[in-house]
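Keep in mind that this is a model prediction, so the values were computed, not measured. Throughout, protein chains are lettered first and strands after them, A, B, ... in sequence-line order, and every chain is numbered starting at 1. Every heavy atom of this structure was used, including side-chain atoms; hydrogens, water molecules and symmetry mates were not.
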Protein chains: 2
Amino acid sequence: MKPTLPSWNNGPVRSAIEDFVSGVVAPGGPQFVAPSERIAVFDNDGTLWAEYPMFAQVCFSHEKLRELIVATPALAGKRAYKAMLAGDMAALKAMPKQEVFEPALAVHAGMTVPQFQADVAEWLGRSQHPRYQRGFDTCYYQPQVELLEYLRAHGFKTFIATGGGIEFVRAVSQRLYGIPPEQVIGSSTRAKFDFAGGHAEIVKLAELGSFDDRDEKPVNIELHIGRRPILAFGNSDGDLAMLRYVLGGKGPNLALLLRHDDDAREAAYDRDFHVSPLDQALDAAGKEGIHVVSMQRDWTRIFP
Amino acid sequence: MKPTLPSWNNGPVRSAIEDFVSGVVAPGGPQFVAPSERIAVFDNDGTLWAEYPMFAQVCFSHEKLRELIVATPALAGKRAYKAMLAGDMAALKAMPKQEVFEPALAVHAGMTVPQFQADVAEWLGRSQHPRYQRGFDTCYYQPQVELLEYLRAHGFKTFIATGGGIEFVRAVSQRLYGIPPEQVIGSSTRAKFDFAGGHAEIVKLAELGSFDDRDEKPVNIELHIGRRPILAFGNSDGDLAMLRYVLGGKGPNLALLLRHDDDAREAAYDRDFHVSPLDQALDAAGKEGIHVVSMQRDWTRIFP
C-alpha cells in the first residue's frame with residue numbers, strides 16, 4: 001500500500017500536492033514527468049525540523065565553542081563568537097545569517113567528517129530543545145516525513161538543500177528523513193586531503209566553502225544535482241531563490257512555503273524572526289504561485 | 001540474469017573484482033558491506049573513455065574558443081588560449097593541467113547549463129575522434145560499461161569523479177554509462193542565480209569553482225557523497241589521492257588503475273603523457289595495494 005498523508009488536513013494545500021503528484025505519475029498524461037526528473041528539494045531548519053528560537057546547529061556549536069577558542073584564541077575577538085559565548089541572542093539576531101553560522105561551521109576545523117559526526121551524534125543523544133523540552137532529533141515534523149515518503153513512493157528522489165552545515169545534517173538525514181548523505185546539499189567548509197602517515201583522511205578547515213542560502217541554494221542544487229527540481233519546500237527568505245528556480249522549469253512544478261503560525265503546538269513567527277525571516281518570500285508567494293502551508297490549518301499534528 | 005563481464009579476460013584483475021564483489025554482497029560474511037555503503041567512483045577521461053592524445057572536452061573547446069575570444073578579447077593574451085587556438089600541443093603539454101582546462105571551462109560562461117549541454121550534444125553528434133575516426137561518444141570502453149552494470153546489479157551506486165567539466169560529462173553520463181547527472185562530480189565554474197525578467201536561471205561564470213583533480217578529487221567526493229567509497233577506478237596521477245582515500249577505509253575496498261598499454265587497439269602511454277601522466281600512481285600501485293589493469297592483458301575488446 002502506498003504511503004498517504006495522514007498528518008495533513010484536507011484543504012487546498014493537500015489537494016495541490018496530491019493533484020501535482022497524480023499528474024506527474026500519470027503515464028501519457030499532459031503533466032507526466034519521467035522518474036529521473038522527479039527531483040524534490042527540501043530546506044531543513046524550519047521546514048523539516050524546528051528552528052525557533054535558534055538553529056539546532058547553533059545550540060550544538062555553543063557547547064563546542066569554548067573548546068575551539070582555547071585552541072584558536074584569535075577567534076575570541078570575532079563578534080559572532082563573543083555573542084554566542086555570551087548567549088547574546090539580540091546581538092546574533094542583528095548580524096547577517098552568514099556571520100551567525102561561521103562559528104557553527106568552524107567548530108569542526110581540523111576534524112575528519114566521521115569525528116565531527118560522532119560529536120554531533122553524542123550531543124543529539126543528550127541535548128534538549130530549549131522550547132519543546134525534548135531531544136532535537138525528535139523535533140522534526142511528522143507531516144513532512146510523510147510527504148517525503150509519499151513522494152518517494154511516487155518515484156521522486158528527495159534531497160535536502162539546507163543553510164545548515166552539510167555534515168551536521170547528514171548526521172541525521174537518513175535516520176530522520178530517509179535521505180542518504182549523498183542527497184544532502186548544504187553549507188560547507190573547505191577541506192583538505194591528508195595522507196600523513198600513509199593513511200588518507202579528509203580534514204575540515206575553518207574556511208567557509210559555500211554558504212548555502214538565498215541565491216546560493218539553486219546554484220548548489222545545480223552543482224550537486226545537475227537538473228532543475230520539480231518540487232521545492234522552504235520556509236524562509238533564504239529559500240525564495242530555490243522556489244523560484246523550481247517555478248522557472250518548463251514542465252509541471254510545485255513550490256511550497258511553510259508558515260509557522262501555530263504558537264500552541266510549535267511557534268508563531270515569520271517576518272520578525274531576524275535569524276531567518278519569512279518576509280520577501282511571503283510577499284512573493286501570492287504573486288508567483290508559491291503555495292503557503294499553514295501549520296495550524298494544514299497539519300493535524302506537528303511532531304512525531 | 002545478473003550482468004557478467006564478457007569483455008574482461010580471466011586473470012588476476014577480473015578475479016580481484018569478482019572476489020571483492022562476492023564478499024561485499026555475502027550476507028553475514030566477513031566482507032559484507034551494507035548496500036547504502038556500496039559507493040563506487042570512476043574517473044572519466046582515460047578511465048571510462050579515450051583521452052589520448054587530448055581530452056574530448058579540449059577538442060570541443062577548441063571549436064568554441066574563437067567565438068569566446070571575440071566576446072572576451074582579454075582572453076586572447078592568455079597562453080593556454082593562444083596555444084589552443086594555434087593547436088600547439090607541445091605548449092599545452094608543458095602547462096599545468098589546470099591551466100589547460102581553463103579555456104575548456106570558460107567556454108560556457110554566460111550560458112545556462114541546458115544551453116551549454118545542447119552545444120555539447122550538437123558537437124558530439126558531428127565530431128570525430130582524431131585518432132580513432134569515430135564519434136567521441138563511441139570512444140568509451142565496453143569493459144567499463146559492463147563493470148558499471150555489474151556493480152549496480154550488486155547494489156552499488158556508481159559515481160563519476162572527473163577532472164573534466166561537470167556539465168560536459170553530465171551531458172553524456174546517463175546515455176553512455178547509465179550514471180545520472182546527480183552522480184557526476186567534476187571540475188566546475190562558479191555560477192550565479194539570475195532572476196532577470198522574473199524567470200529563474202543558473203548562469204555559468206568564467207571563474208573556476210573547483211578543479212577536480214589530485215587531492216581535490218577525494219575532497220569533492222566527500223562534499224558530494226558524504227561517505228568514503230569502497231571502490232575507485234582511475235588511470236592517472238590525478239586519481240591517486242582518490243584511490244588512496246578508498247584504500248584508507250576500514251572495511252573491504254578495491255582500488256583499480258587502468259594502464260594504457262595497447263597501441264594496437266587503443267594507445268600505449270603512461271609516464272610520458274604530459275597532459276595527464278600515469279607516473280607516481282604507477283610507482284605507488286604495487287606498494288599500496290592498487291590493482292593495475294592492463295588494457296592489453298585484461299580486456300578482450302576496448303570500444304563497443
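- Considering only heavy-atom pairs separated by less than 4.5 Å from chain B, the leading option among A:Leu247, A:Leu223, A:Val246 is A:Leu223.
- Checked by atom type and distance alone, the side chain of A:Arg38 pairs as donor or acceptor with a backbone atom of A:Val33 at under 3.5 Å.
- For A:Arg214, no part lies near chain B; criterion is any non-hydrogen pair under 4.5 Å.
- Put simply, the residue from B:His224, B:Gln183, B:Arg227 that forms a side-chain hydrogen bond (donor to acceptor under 3.5 Å, both in side chains) with A:Glu182 is B:Arg227.
- For B:Val219, the parts lying near chain A are the backbone and the side chain together; criterion is any non-hydrogen pair under 4.5 Å.
- Each of A:Asp239, A:Leu48, A:Asp43, A:Val293 was evaluated against A:Phe233; a single residue qualifies, A:Val293, per the side chain to side chain contact (heavy atoms under 4.5 Å, CB included) test.
- Aromatic ring pairs are classed by plane angle as parallel below 30°, tilted from 30° to 60° and perpendicular above 60°; the pair B:His108 and B:Phe116 is tilted.
- In this structure, chain A has a heavy atom under 4.5 Å from the side chain of B:His199, while its backbone stays farther away.
- Neither the backbone nor the side chain of A:Glu216 comes within less than 4.5 Å of any heavy atom in chain B.
- Taking the six-membered ring for Trp and the full ring otherwise, A:Trp49 and A:Phe136 have centroids separated by 6.0 Å or more.
- No salt bridge links A:Lys217 with A:Asp212; every basic N to acidic carboxylate O contact stays at or beyond 4.0 Å.
- To the nearest 0.5 Å, atom CG of residue B:Leu257 and atom CG of residue B:Asn235 are 7.0 Å apart.
- Contact annotation for A:Arg244: both backbone and side-chain heavy atoms come within less than 4.5 Å of a heavy atom of chain B.
- Between B:Tyr140 and B:Tyr177, the two ring planes are perpendicular [angle over 60°; tilted spans 30° to 60°].
- Neither the backbone nor the side chain of A:Gln174 comes within less than 4.5 Å of any heavy atom in chain B.
- Put simply, of A:Glu167, A:Arg228, A:Glu201, A:Lys192, the one with the most heavy-atom pairs under 4.5 Å next to chain B is A:Arg228.
- Taking every heavy atom of both residues into account, A:Trp123 and A:Ala56 meet most closely at CH2-O, 3.4 Å.
- Residues of residues 151-165 of chain B having a heavy atom under 4.5 Å from any heavy atom of chain A, listed by number: B:Lys157, B:Phe159.
- With hydrogens and angles ignored, the 3.5 Å screen pairs no side-chain donor or acceptor of A:Asp194 with any backbone N or O of A:Val203.
- Residue B:Phe195 touches chain A through its side chain alone, counting heavy-atom pairs closer than 4.5 Å.
- Heavy-atom distances place the side chain of B:Ile166, and not its backbone, under 4.5 Å from chain A.
- Using the six-membered ring where Trp is involved, A:Phe168 and A:Phe60 have ring planes that are tilted, between 30° and 60° apart.
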